[in-house]
Structures are given as C-alpha cells and as structure tokens.
Amino acid sequence: MMVELFSDPGRPMTVTAPSTRAIRWPAVRPWLGIAVRLGLAAVWLFAGATKVGDLAASGRAVNAYQVMPYDVAAVIGAALPFVELALGVLLLVGLATRLAAGVSAALLVVFITGIASAWVRGLAIDCGCFGSGGQLAAGQAPTYLPEILRDLGFLVMAGFLLIWPRTPFSVDGWLAGAAPEEGEDE
Amino acid sequence: MSSRKGQKKAAQVVRAQIAREKRRTRTIITSIAAVVLLVIAGLIGWTVYSSQKSKSFTSPPNANHTGTGIVLGQGPVTIDLYEDYLCPVCKQFQDTSGPTITQLINENKVRVVYHPVAFLNRFSSTQYSTRSAAASGCAAQGARFKEFTDALFAKQPPENSAGLSDNELIDIGASVGVNRDAMSSCVRDGTYKTWTAHVTDDAAKSGVTGTPTVKVNGKELTDRSPEGIKAAVAAAGK
C-alpha cells in the first residue's frame, strides 16, 4: 500500500504486470525508504515522549520484567526514553541512518526477548512500550502476542533501513551531495 | 593504447579512490556523532533521574522505623498493604477486604503497614497519586491516617482526570478530624512528598510492581478476598 502511496507521481500508476516490477523497484524504493524512516522515527519519538515525563515510572516498568536488580533497572528506565527520543531525531533528519537503524534493531530484539521471556515466565505485566507498564491489575490479561508482532513489524522497518539507508530528504544525502551514489548502498 | 588515454584512466581511478576515501571518512564522522548523541541522551536521562531522586525525606509520625509505611495495630502477624489512592482495584479491595483488615487490627491479630505508593501519576493531570499519598502523611501527623484513607477511597476520582484538588484533600482531612490549619500548611507545602517518593521507591525495590499488593509476613498474597486474608493470617500466626 505504501508502495502505491509513495511512488513517483510523475510515473503512471497503471503498471500492474509482474514483469514491470524490476523497473518499478528502483523508482519506488527511495519513497518507501523515506516512509519507513519517518515511520520508525515517529515510533521512537512517541515511545520516548510517553515515558520521559515520569522517569521513576519508566524504571519501575523495566523492573517489572524482573531480569535485573532494581537499581540497574531504574537507571536503564531513566536513560531509555532519552535514547529513544535521540534515535527518533536521528531518523527524522536522516543522519547516520544505517547506524540508527542498527541500534533500533538491536533495541527491538532486546524488547522482543524481554516480552517473550515475561510471557514464558508467566508474569502478568504491561510491556511498558508506550508509557504505562508494570504489573497488570487482577482480571486484566496481558497482550504479549500483539506486542511481539508489533515489535517484529518495527524490526522489519529497521531491517529495511539497515539494507537501504539512503532515502530522500536526509542529512546523509545532503552531506553526500545531491548526486545519488549507487556505490553507497553496499 | 596511447599514453594520454592511460593517463586519463589513471586519473579516473585516483579520483574514484579519493571519492571513496571521502565517503568513508564522512560515514565514520557521522557515525561517531550519532553514537555520541545517543550516549549523551542516555546520560541526560540518568542525570535527570538522579537529580529527581531525593536523598532525604521526612517520615510522618506512626511510620515504621524504615519510614516506608504507616503502622496500625500491634498484632503478631504483619500485613503489608501497597496501595495507590488513584488505583480502582485498590478501591475495590478496600471495599471488600477493608472491613476484614480493620477487624483483624481490632482483634489484635495483625500489625498492618500501609504503604501509600505513587505508581499512577501518569493517570492524572496533577500528579494526584503523589499529592494524595503525601496528604495521607499529613493525616498521619494528625493521627487520622486510617480515617483519611477510607475517605479518600470513598471519594476516589476516576483515572485520567485531574483528581481531587489540594483544597478538597484539606477539606477531607478536616472532615475526619485533622486540625484544618495543620492539614492545610502540610498539604500546601508538600511536606511529605519526599516521603511518598521514598515509599514508592522502596516498594519498587522490594519487588512490588503493581497495586494493590498485599503481603502477609512478607509473602505476597494472591487471594485478596476477606477469606483469603483471614486464612493467610491464621496460617502465618501458627
């Protein structure tokens, strides 16, 4: 769907035959890339913004996973929202996109592992992905599967940018000069 | 192949190499800049958190010796209650099991430590969890902690609202018998806000991740019904 949305407006949208796929991909990829980049930026900015107002609560959400001592969890919980915001800004402006995508992917793998381990251990917690977090009230069911699937979706987005970091309207592109350098996508 | 053509080709190779070199330097510099930014962001979080964490606190009278809760009763079995005044399930718990706990206190079977934690500040626009918990310290100062707690749960505001105002908290305090002037200055000065932070921090540290949490002699209770509490207290008292 995004492919349609962000395809080059100058190009006729009627191409449907599978044989034209190879021709469309180079034209479509930059626009899909920018959509993915901005999408992932929005995810991080939102995730960071919902936690940054109450750092102690963020620490408690990390602590609810019961994988590290409270003091370590508190520090990680306090640092995490700011790191998420910084990642969001990097992706938003498109600076060091590949590195930001790599860090995003690494964080997401940690999150997915954490949620899965909470699930396996039978903890009843909110993942604390966007704001809230901590133990759920009695009668509230955890939603681990949707949380994991959602994070996997984000992981795919990070993977896309890891493979194709160059997108339009990015600081990376601006630093490299106007001419697109094919060799850079190694 | 003429020598001129060869020179041209050589120049091209050199140019390409310089360009590659430039690209690599640029990538390294931007990567370092990005890593530095991420590290600084993390450090900012740590610094802000450490500065928010208060080192000293004033416990209200009737608090236990570690200053992590208000003690009621002197029975042999200890019940730890971790509650947030904004938490709807805590209200339910108070409604169904509160009378049982009061009865156990009166029968001198239990010593109850109330830990008024502020876990749910996110769910009010005015930090109601912290304000109400700090106000309960003021009520404890006036020796009306239990009465104030019952009154606050009876008038519990919904989540995602502004909560009760400071004036309303003072009125409730006065209505349960706390000296109005003392209650008023205590609530307005936020005398026990650092204490609330200490109680909340200690609760998280001791593994409490949600409210209400009920512990009987240190063991978390899963059945929080009146029968469950009575059974656990009876078992712990043996």
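Naming: A, B, ... by sequence-line order, numbering from 1 per chain. Note that the coordinates shown come from a computational prediction; the quantities given were computed from them, not determined experimentally.
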Colleague: Where does the angle between the aromatic ring planes of B:Tyr85 and B:Phe148 fall among parallel (under 30°), tilted (30 to 60°) and perpendicular (over 60°)?
Modeller: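 If you compare the ring of B:Tyr85 with that of B:Phe148, the planes turn out perpendicular.
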
Colleague: Measure distances from A:Val103 to the heavy atoms of chain B and classify the residue's part below 4.5 Å as side chain, backbone, both or neither.
Modeller: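 The side chain, not the backbone.
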
Colleague: Pairing donors with acceptors under 3.5 angstrom, does anything connect the side chains of A:Arg166 and A:Ser170?
Modeller: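 The criterion, which ignores hydrogens and geometry beyond distance, is not satisfied for A:Ser170 and A:Arg166.
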
Colleague: Side chains of A:Arg29 and A:Leu32, heavy atoms from C-beta outward: is any pair under 4.5 Å?
Modeller: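 A side-chain contact under 4.5 Å is absent here.
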
Colleague: Testing the 3.5 Å rule here: is there a donor-acceptor pair between the side chains of B:Ser165 and B:Glu168?
Modeller: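 Checked: B:Ser165/B:Glu168 side chains pair up, N/O donor to acceptor below 3.5 Å.
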
Colleague: Which answer fits A:Leu99, side chain, backbone, both or neither, if we ask what part of it has an atom under 4.5 Å from a heavy atom of chain B?
Modeller: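 Answer is side chain: those atoms of A:Leu99 sit under 4.5 Å from chain B.
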
Colleague: Using a 4.5 angstrom heavy-atom cutoff, name the option from B:Leu43, B:Asp201, B:Ile29, B:Leu120 with the most pairs to chain A.
Modeller: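 Answer, by heavy-atom pair count under 4.5 Å with chain A: B:Asp201.
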
Colleague: Is A:Leu175 close to chain B through its backbone or its side chain, or both, or neither, when contacts mean heavy atoms under 4.5 Å?
Modeller: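 Both parts, backbone and side chain.
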
Colleague: With only heavy atoms counted, which part of B:Val39 is less than 4.5 Å from chain A, the side chain, the backbone, both or neither?
Modeller: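 Contact with chain A: none, neither part.
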
Colleague: Checking B:Asp223 against B:Ser225: is there a side-chain donor and acceptor pair closer than 3.5 Å?
Modeller: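 Distance-only check passes for B:Ser225 and B:Asp223.
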
Colleague: Which atoms of B:Ala118 are under 4.5 Å from chain A, going by heavy atoms: the side chain, the backbone, both sets, or neither?
Modeller: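 Just the backbone, heavy atoms under 4.5 Å.
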
Colleague: If the plane angle is over 60° it's perpendicular, under 30° parallel, otherwise tilted; pick one for B:His198 and B:Phe57.
Modeller: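 B:His198 and B:Phe57: parallel rings.
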
Colleague: Between B:Arg131 and B:Asp166, is there a side-chain N and carboxylate O pair less than 4.0 Å apart?
Modeller: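 Answer for the salt bridge query: yes.
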
Colleague: Between chain B and each of A:Gly53, A:Ala100, A:Ala74, count heavy-atom pairs under 4.5 Å; write down the option with the most.
Modeller: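 Most heavy-atom pairs under 4.5 Å with chain B: A:Ala74.
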
Colleague: Only pairs of heavy atoms separated by less than 4.5 Å count here; which of B:Ala204, B:Pro212, B:Ala34 has the most with chain A?
Modeller: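 Among B:Ala204, B:Pro212, B:Ala34, the one with the most close pairs to chain A is B:Ala204.
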
Colleague: Considering only heavy atoms, which portion of A:Phe82 lies under 4.5 Å from any heavy atom of chain B: side chain, backbone, both, or neither?
Modeller: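 Answer is both: backbone and side chain atoms of A:Phe82 are under 4.5 Å from chain B.
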
